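Before any comments, here is the structure.
Only a predicted model underlies this, so the values are computations on that prediction, with no experimental measurement involved. Quick note: residue numbers are just sequence positions, from 1.
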Amino acid sequence: MKKTIIVAAFAALAINASAQGVSDALRFGQNEYFGTARSVALGNAMTALGGDLGSVQLNPAGSAVNSYSQFTITPSLNILTGTALYSASGNVDLESSGSISNSKSKLTMPNIGVMMNYKTHRKSGLLNVSFGIVGNATSYFNDDMSAGGTNRNSSYMGYLGALSTVNEMTTTELSKAYYNEMPFDLWPTMVGYRSGMIFEDGNGGYMSPVEDIVGGKFVLAGPIDQSYGRVSKGNRYDMVVNFGMNFSNRFFIGANLGIVDLDYSFNSYIKESAQTSDAFPVTISDKPDYFQSMKFRQGYSATGSGIYAKIGIIAVPVEGLRLGATIQTPTANYITERAWFSGETEYAHNSFSETIYDDEDYLYNYKFVAPARYSVGAAYTIPGFGLISADYELADFSTSKFRNVNYSSSGSFDDVNNAISRATGAQHMLRVGAEYTPLSNIAFRAGYNLTTCAERSMGDFDDLQSVSAPTHAFAFGAGYKSAGSFFCDAAVRCSVRPYEYLYPYPDYDDNISPEIRIANDLWSLMLTFGWRF
């Protein structure tokens, strides 16, 4: 027997916003600055430097540092490499089935922009003003991961059965095709029931075809092969409209109106297959059959736009020393989400199949307010040698908020916002960079970033503590500028991300979800082509 159900649906306003949570707040609010090859090679430590279109995103005052206009474009190749360890026992550090390597590459355009600079022809005071439009990428969501092994402990289908039992769902509710009539977190149970993953256990509850009842507890009747995979893609891109002013080459001030474009999609699957089909007998319509395999899939997409304002200053108190500071308002994002689920099971003997599509399109719209950002920086130029620069940036994710689109109250998001307030905190970013110029037209650069984790976890005494899971990024590059208008920069950056621990389903009854430990590195190879005029 093969049954398939495919559902394209998402929460209507009548449902609590259970699809939004802490992970969404971090995903949509964090910045992983890209920009031009020069800014990336310098570790994006550009708050006090300016003069580069990659720096405009970091400090709006940077646009007024140069006395010329310029245009830049930056193609890039992003390569994500990683490994995934799977543990059926729920502790990958104690027991794992070996690692699976994963990789994904994508061509991107992390920077494009034009800046017009106008001189006032004065000898002091306001010397020049700048106007421009610059687009810089602030996040890429590309990922492709798979992991799996033998599981003798638990099953995703068993979790669906336990969830249905605990919530005392009836077969009428599980058979519904209109998902907005049920809470969002119960939608997978409805897909599982309609696609043959769970059945009534005869005691008023539900069980999966791979389980037996032993001593009043559900246990697997035999080992199963289990695998999990996910694919995500998309980006967050900031287009800023910039205005800057230069006063006597000693004080620079600028402002950005930032417009955010967000595009994110995620697809995942979990597969379970019988190692020996005879171990899993099932009676369907009074006919004995045997479970062979299942596949449960879910997809999610989020698209939206946002807006924020940012002001910045750069001061030159003494020759060679530059100091910078910025303030960015919270970003108001307006997001539309869609989700879908599908379930498929295979049994040994029955050959009939069934496919069910939900012909209604359910969308959910909401507002997400990302945290404000503050940064300071200092740089020192050494004539005939180069420069060094350092930045510090702060964002407090506990201030992030989900809100309803049509009115200011958070309404149904109160529980989610309270969870965000408790489970997240301040994120700190340290950026340092150095540039060496052996010749007037040649430069070599290196940079480093440290970004702390904004998540907090429960300590030994029920106190919330910061999670020690920083992201490290190492970059280097080179630049050339001609005697004319053309210049070119190259950069390579490797972002070493912390381990991610993934649990394909929650623990249920006495059964523990598998644990997957993911290690990812993101390599970015960038070339910037620019023209001064």
Side-chain angles (χ1 to χ4, degrees), residues 17-33 43-45 47 57-58 138-141 236 238 258 260 262 264 302 306 308-310 325-333 335 366-377 390-403 409-432 448-473 495-503 506 515 517-520 522:
S18 54
Q20 293 78 44
V22 174
S23 60
D24 298 292
L26 294 170
R27 180 185 303 112
F28 298 148
Q30 291 188 113
N31 281 347
E32 188 178 8
Y33 295 110
N44 276 318
T47 298
Q57 173 73 34
L58 298 156
T138 51
S139 286
Y140 287 111
F141 303 120
R236 192 172 72 246
D238 287 20
V260 178
L262 173 69
Y264 172 72
Y308 63 87
K310 189 171 190 174
T326 70
I327 298 176
Q328 179 176 310
T329 67
T331 304
N333 298 278
I335 298 174
Y366 62 89
K367 179 180 178 181
F368 170 65
V369 182
R373 293 182 172 273
Y374 312 91
S375 71
V376 293
D391 287 3
Y392 168 74
E393 183 172 312
L394 171 68
D396 185 358
F397 278 81
S398 67
T399 63
S400 303
K401 292 286 187 295
F402 288 97
R403 298 189 182 279
S409 170
S410 58
S412 56
F413 294 107
D414 287 343
D415 290 342
V416 173
N417 291 334
N418 289 336
I420 292 171
S421 179
R422 284 181 51 80
T424 65
Q427 183 181 73
H428 309 276
M429 300 180 72
L430 174 66
R431 304 187 290 261
V432 294
Y448 168 73
N449 300 161
L450 171 67
T451 304
T452 66
C453 181
E455 293 182 69
R456 296 191 289 181
S457 63
M458 193 69 70
D460 294 335
F461 302 99
D462 291 338
D463 58 326
L464 287 167
Q465 301 174 349
S466 297
V467 175
S468 179
T471 297
H472 303 274
S495 295
V496 182
R497 298 171 174 176
Y499 284 143
E500 177 188 357
Y501 289 88
L502 177 68
Y503 303 89
E515 180 180 80
R517 190 183 73 188
I518 304 163
N520 279 334
L522 178 63

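Across every non-hydrogen atom of Pro498 and Pro470, the tightest pair is CD-O, 3.6 Å. Residue Ile420 comes nearest to Gly21 through the heavy atom pair CD1-O, 4.3 Å, listed as atom of the first residue, atom of the second, then distance. Taking both residues in full, the closest heavy atoms of Ala469 and Cys453 are given as O-CB, 3.5 Å, listed atom of the first, atom of the second, then distance. When every heavy atom of Thr399 is checked against every heavy atom of Pro371, the shortest pair comes out as OG1-CB, 3.6 Å. For the residue pair Val22 and Ala423, the shortest heavy atom distance occurs at CG2-CB, 4.1 Å. When all heavy atoms are compared, the tightest approach of Ala390 to Val432 is CB-CG1, 3.9 Å.
Of the inter-residue distances, the one linking Arg497 atom CZ with Asn520 atom CG reads 6.5 Å to the nearest 0.5 angstrom. Distance check, rounded to the nearest 0.5 Å: CD1 of Ile518 to CG of Leu502 gives 5.0 Å. Asn44 contributes atom CG, which lies 8.5 Å from atom CG of Asp391 (distance to the nearest 0.5 angstrom). Within the model, atoms NZ of Lys310 and OH of Tyr374 stand 12.0 Å from one another, a figure rounded to the nearest 0.5 Å. For the atom pair Ser375 OG and Ile327 CD1, the distance stands at 9.0 Å (nearest 0.5 Å). Expressed to the nearest 0.5 Å, how far CG of Leu450 lies from NE2 of His472 amounts to 5.5 Å.
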Yes or no on side-chain contact (heavy atoms from CB on, under 4.5 Å) for Arg27 and Phe141, after CA distance, side-chain angles and deciding distance? CA-CA 9 Å; Arg27 180 185 303 112; Phe141 303 120; 3.7 Å; yes

Steps toward side-chain contact (heavy atoms from CB on, under 4.5 Å) verdict (Asn333, Leu262): CA-CA 9 Å; Asn333 298 278; Leu262 173 69; 5.6 Å; no

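A side-chain N or O of Ser398 and one of Asp396 form a donor-acceptor pair less than 3.5 Å apart. Between the side chains of Asn417 and Arg403, no donor N or O sits under 3.5 Å from an acceptor N or O. Side-chain atoms of Asp238 and Gln57 include a donor-acceptor pair closer than 3.5 Å.
For Tyr501, the OH atom is densely surrounded, since the number of other residues' heavy atoms within 6.0 Å is greater than 12. Heavy-atom contacts from other residues, nucleotides or ligands closer than 6.0 Å to CG of Leu394 number more than 12.
By the 4.5 Å heavy-atom criterion applied to side chains, His428 and Leu430 are not counted as neighbours. Within the 4.5 Å cutoff, no side-chain heavy atoms of Thr331 are placed close to those of Val369. Considering only heavy atoms from C-beta on, Phe368 stays 4.5 Å or farther from Asp24 through its side chain.
Here Tyr366 pairs with Phe402 under the ring pair (Phe, Tyr, Trp, His ring centres under 6.0 Å) rule; sequence neighbours left out. Every residue was checked against the ring pair (Phe, Tyr, Trp, His ring centres under 6.0 Å) condition with Tyr308, not counting sequence neighbours, and none meets it.
No side-chain donor-acceptor contact under 3.5 Å links Thr138 to the backbone of Asn31. Arg456 places a side-chain N or O within 3.5 Å of a backbone atom of Ser421 that can act as its donor or acceptor partner.
Among the candidates Arg431, Gln328, Gln427, the single residue satisfying the side-chain contact (heavy atoms from CB on, under 4.5 Å) test with Glu393 is Arg431.
The existence of a salt bridge linking Glu32 and Arg236 is excluded, since no basic side-chain nitrogen approaches an acidic carboxylate oxygen closer than 4.0 Å.
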